[in-house]
Number of protein chains: 2
Amino acid sequence: MLSKRTKYGLKALTYLAKKGKNTPVLISEIATEENISKKFLEAILLQLKRNGFLASKMGKGGGYYLIKDPEEVTIASVYRILEGPIAMLPCVSLNYYEKCDDCKSEEECTLHKVMIEVRDNTLKVYENSTLIDLI
Amino acid sequence: MLSKRTKYGLKALTYLAKKGKNTPVLISEIATEENISKKFLEAILLQLKRNGFLASKMGKGGGYYLIKDPEEVTIASVYRILEGPIAMLPCVSLNYYEKCDDCKSEEECTLHKVMIEVRDNTLKVYENSTLIDLI
DNA sequence: AAATATTCTACTTATTCTATAGACTAATAG
DNA sequence: CTATTAGTCTATAGAATAAGTAGAATATTT
């Protein structure tokens, strides 16, 4: 299941994409409109800012705004920042690969093949949908 | 990502399937062979027993054994017991449906459609693979 | 310069989940 | 009866989740 962090993050990005690139929107506006705890959202937006999706402006007339083209922002890229690996096992992750400590080898691991199949299917969806599709 | 609970559960079921239906195997044997903490595995097997996948025999010559045909046990059914919903959001889950508290309506939810697509893709894989495929 | 609006930072809290460990109880086979 | 094995119950350390509180820093307007 998606964490609320990722869910809220995607919703906020979609909201900002609707408003258009480079148009500052208040955290509190997004929080109210999308029913998100303001403080929690603040942390999420900050994380998206640090990772190059958003920028912000302080003071009156400030807020957060999208600095990428909505059609360039895939769900996959947001997911990896906010949620982590898309794969179901570390040993089948493309971006966060790690060896499983309980498996003797990946060839012997009975789950390996199925989980690669799941990953590929999921990835296809996440890589091919962008903020444009979510609007 | 899969919890270790689910991963270990699937591995244990596969191990038992290899040994054949109705052949008792020691918890400790599975734990050693699959590099799983024995106590943790105990809890997992118990859960699978309560849900009708396994049965157990106490005393000498005892152990856990499969009581379903391996080709009947889909990954999806095990996943739902040990991990929970397969869907990424409560509101797109078939077996664990719940309304999202932050969404006004499911039609307006920008994530709904994509997450249904992900669910359907994942489900196709999980429903169509059984213990037989894992062996 | 002061007032106001807004994000930024740090600290704290409550709750749940994860992955175990230990001790004791109950059943079964020989 | 005894050895073997699962069952039950309790505890726990650590991490993650989803916030809440307080105030500092920065920008704009007056």
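These numbers come from a predicted model, not from an experiment. Within every chain, numbering begins at 1; the chains are lettered A, B, ... in the order of the sequence lines, protein sequences first and strands thereafter.
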With a non-hydrogen cut-off below 4.0 angstrom, is [X] in contact with a base, only sugar-phosphate, or nothing?
X: A:K7; result: nothing
X: B:L46; result: sugar-phosphate
X: A:I27; result: sugar-phosphate

[X], nearest nucleotide to its side chain (from [options]):
X: A:K4; options: C:dC8, D:dA18, D:dA6; value: D:dA18
X: A:R5; options: C:dC8, C:dA29, D:dA18; value: D:dA18
X: B:F40; options: D:dT29, C:dT20, D:dG7; value: C:dT20
X: B:M58; options: D:dT8, C:dA26, D:dT29; value: C:dA26
X: B:S3; options: D:dA19, C:dA19, D:dT8; value: C:dA19
X: A:Y64; options: D:dG7, C:dT7, C:dA29; value: C:dT7

Between [X] ([atom1]) and [N] ([atom2]), how many Å, whole number?
X: A:K49; N: C:dT6; atom1: NZ; atom2: P; result: 16 Å
X: B:I36; N: C:dT18; atom1: CD1; atom2: C1'; result: 15 Å
X: A:M1; N: C:dT18; atom1: CE; atom2: P; result: 12 Å
X: B:L16; N: D:dA6; atom1: CG; atom2: P; result: 11 Å
X: A:K57; N: C:dT7; atom1: NZ; atom2: C1'; result: 13 Å
X: A:E29; N: C:dA5; atom1: CD; atom2: P; result: 16 Å
X: A:E42; N: C:dT9; atom1: CD; atom2: P; result: 10 Å

Inset, instruction - For a side-chain contact (heavy atoms from CB on, under 4.5 Å) with A:T74, tell me which candidate from A:D133, A:N128, A:T130 qualifies. - result: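 For A:T74, the side-chain contact (heavy atoms from CB on, under 4.5 Å) test succeeds with only one of A:D133, A:N128, A:T130, which is A:T130.
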
Legend entry - Any side-chain donor near an acceptor of the partner, A:K38 and A:S28, under 3.5 Å: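 No pair is found: no donor N or O on one side chain lies under 3.5 Å from an acceptor on the other.
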
Legend entry - A:E98 side chain to A:S93 side chain, donor-acceptor N/O pair below 3.5 angstrom: no

Legend entry - Any B:V114 side-chain heavy atom under 4.5 Å of A:L134 side chain: yes

Inset, instruction - Would you indicate whether the side-chain heavy atoms of A:Y64 and A:K57 approach each other to under 4.5 Å? - result: no

Legend entry - Base of D:dT5 paired with side chain of B:K38 (donor-acceptor, under 3.5 Å): no

Inset, instruction - Assign each of A:Y8 and A:K39 to its nearest nucleotide of DNA chain D by heavy atoms, then name whichever residue's nucleotide is nearer the 5' end. - result: A:Y8

